[in-house]
Amino acid sequence: MSENADCPPPSFATAQVQAGYAAPAAPTSAVPPIYQSNAFALKSLTHARDLFAHRADGDVYARTGNPTATIFEQRITALEDGVAAAGIASGQAAVALTILALTGRGGHVVAANQLYGGTVDLLVETLPDWGIETTFVDQDDIDAWHAAVRPSTRLFFAETVANPIAQVLDVRAVADAAHAAGVPLVVDNTVATPYLQRPKRFGADISVHSATKFIGGHGTVIGGAIVDLGTFDFSAEPEKWPALTEPSRRIPSGESLLEHYRDTSPFIALIKAKHMHDLGPTLSATTAFALLQGLETLDIRMQRHAASAQRIAEHLATHPAVARVHHPGLAGNPWHDAAQTYLERGVPSVFSIDLHSTGDDEADFVRAETFIAGLKVLHLLANIGDARSIVTHPASMTHSHLSPQQLADGGISWATVRLSIGLEDADDLIADLDRALALL
Ligand SMILES: *Cc1c(COP(=O)(O)O)cnc(C)c1O
């Protein structure tokens, strides 16, 4: 898409197909090519010196960037209405690098109880090895967010739509609480995607993604992204962010990243120049290409996912074998009002049902096993956001490392079964679910 001051900003559907790529003069590849190269041609030693000194923009070595990943970064930036993004090897690495970059040495995190299991593992086990501590709060308890703040707090972290229970975050209220504490709100926007929610509109500062899920959409690659939404002022309390505000040894002029990258994104510059460069979780060109293929159909896929899931949730809510459906598109769901505010275009297709509980975890597991074994169209997989419909048992799979208390805080029991509704015919999915529920 050509950058032209006379052009109005692109709409969502245009941005998802075109942002970040203009065909070069020659050769002219109409679609973004896979730049399958681990190093990039340098015009001269002077050019090389300028690139290494951050005086010129361009790719040097693919660990910190390649042109296909750059197109993906610019496209996800456009869709999130951000200022810059970093493509990362996985969603997990995107979360980890974001937290490392903000906490520095010994910083503290305030995070929602209702998080992806891998993020809980990272916060409770791996980051404490590096002196980074987390206080978990019920994400709907705004007083708890305020009360958890310490002098060393450096970020608030939550998912815009959590899973498996599909709690919808009150982004505005949590962003206000974060800003009152002088720290950014980082949201994991994986489940909503920027099509169903643009968190920047509601005050979030940084958005992270597992692009593995709906963004790729085809279940073929692992990837992630960190998007700086450009709203947080790191210069307000410079002593909190020395990696951004003190002279950087990576920039020979002696400037800080905040000074040197004041017109783009000091935060993404830090992620790339330090964390990607030093730790190495690079997004490959072939993965970036697959993610771009996915992004080009994001809106129409999300519309189908959301519409089918809404129909299936309404059907299951009336089914005698189902004790409860956790779908915020249903009237009476605790997050129904929040969904009206934050998910105007539809509710994501990842939600859960509770089968009737026997009161005994092992007996509930056996019932879930019977139900899942009866499914022929939905597949048992540890994934979400795929074109295929997926069933998962959180307590024994994705959330099996959580303590009984953490499971309860997340609203998960052994009778809970998570669904990720794909792109198949919704009637076929309903028939499949009915057949399997009849076995209980
Ligand atoms: C899958 C997932 C992650 C981790 O992403 P990977 O791409 O698997 O590393 C993080 N957050 C959420 C909400 C996820 O669903």
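As the structure lists them, so they are numbered: ligands from 1, and atoms in each ligand from 1. From a predicted model like this one, the values you see are computed outputs, not experimental measurements. Just so you know, these numbers use all the heavy atoms, side chains as well, and skip hydrogens, waters and symmetry mates.
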Item to check | Min side-chain heavy-atom separation L343-V161 under 4.5 Å | outcome: yes
Item to check | Within 6.0 Å of CZ in R324, more than 12 heavy atoms from elsewhere | outcome: no
Item to check | H108 side chain to T153 side chain, donor-acceptor N/O pair below 3.5 angstrom | outcome: yes
Checklist entry - Just which atoms of ligand 1 are under 4.0 Å from any heavy atom in G91? => result 4 (C), 5 (O), 6 (P), 7 (O), 9 (O)
Item to check | Atoms in ligand 1 with a heavy atom of T212 nearer than 4.0 Å | outcome: 6 (P), 7 (O)
Next on the checklist: Heavy-atom contact check, 4.0 Å cutoff: does G223 meet ligand 1?
Outcome noted: yes
Checklist entry - Taking the non-hydrogen atoms of V95, is any one of them nearer than 4.0 angstrom to ligand 1? => result no
Checklist entry - Which residue and non-hydrogen atom of the protein lie closest to atom 12 (C) of ligand 1, and at what distance in Å? => result D188 OD2, 3.4 Å
Checklist entry - What residue and atom, counting heavy atoms only, is the protein's closest point to atom 15 (O) of ligand 1, and at what distance? => result K213 NZ, 2.7 Å
Checklist entry - Do Q197 and T160 have side-chain atoms, one donor and one acceptor, less than 3.5 Å apart? => result no
Next on the checklist: Which of the numbered atoms in ligand 1 are under 4.0 angstrom from any heavy atom belonging to I384?
Outcome noted: 15 (O)
Next on the checklist: Counting the benzene-type ring for Trp, do H393 and W414 have ring centres under 6.0 Å apart?
Outcome noted: yes
Checklist entry - Just by distance, do the side chain of Y342 and the backbone of R172 share a donor-acceptor pair under 3.5 Å? => result yes
Checklist entry - When you measure from atom 9 (O) of ligand 1 to every protein heavy atom, which one gives the shortest distance, and what is it? => result Q92 N, 2.8 Å
Checklist entry - Do the two ring centres, one from F40 and one from Y61, sit under 6.0 Å apart? => result no
Item to check | Any N/O pair S210/ligand 1 closer than 3.5 Å | outcome: yes
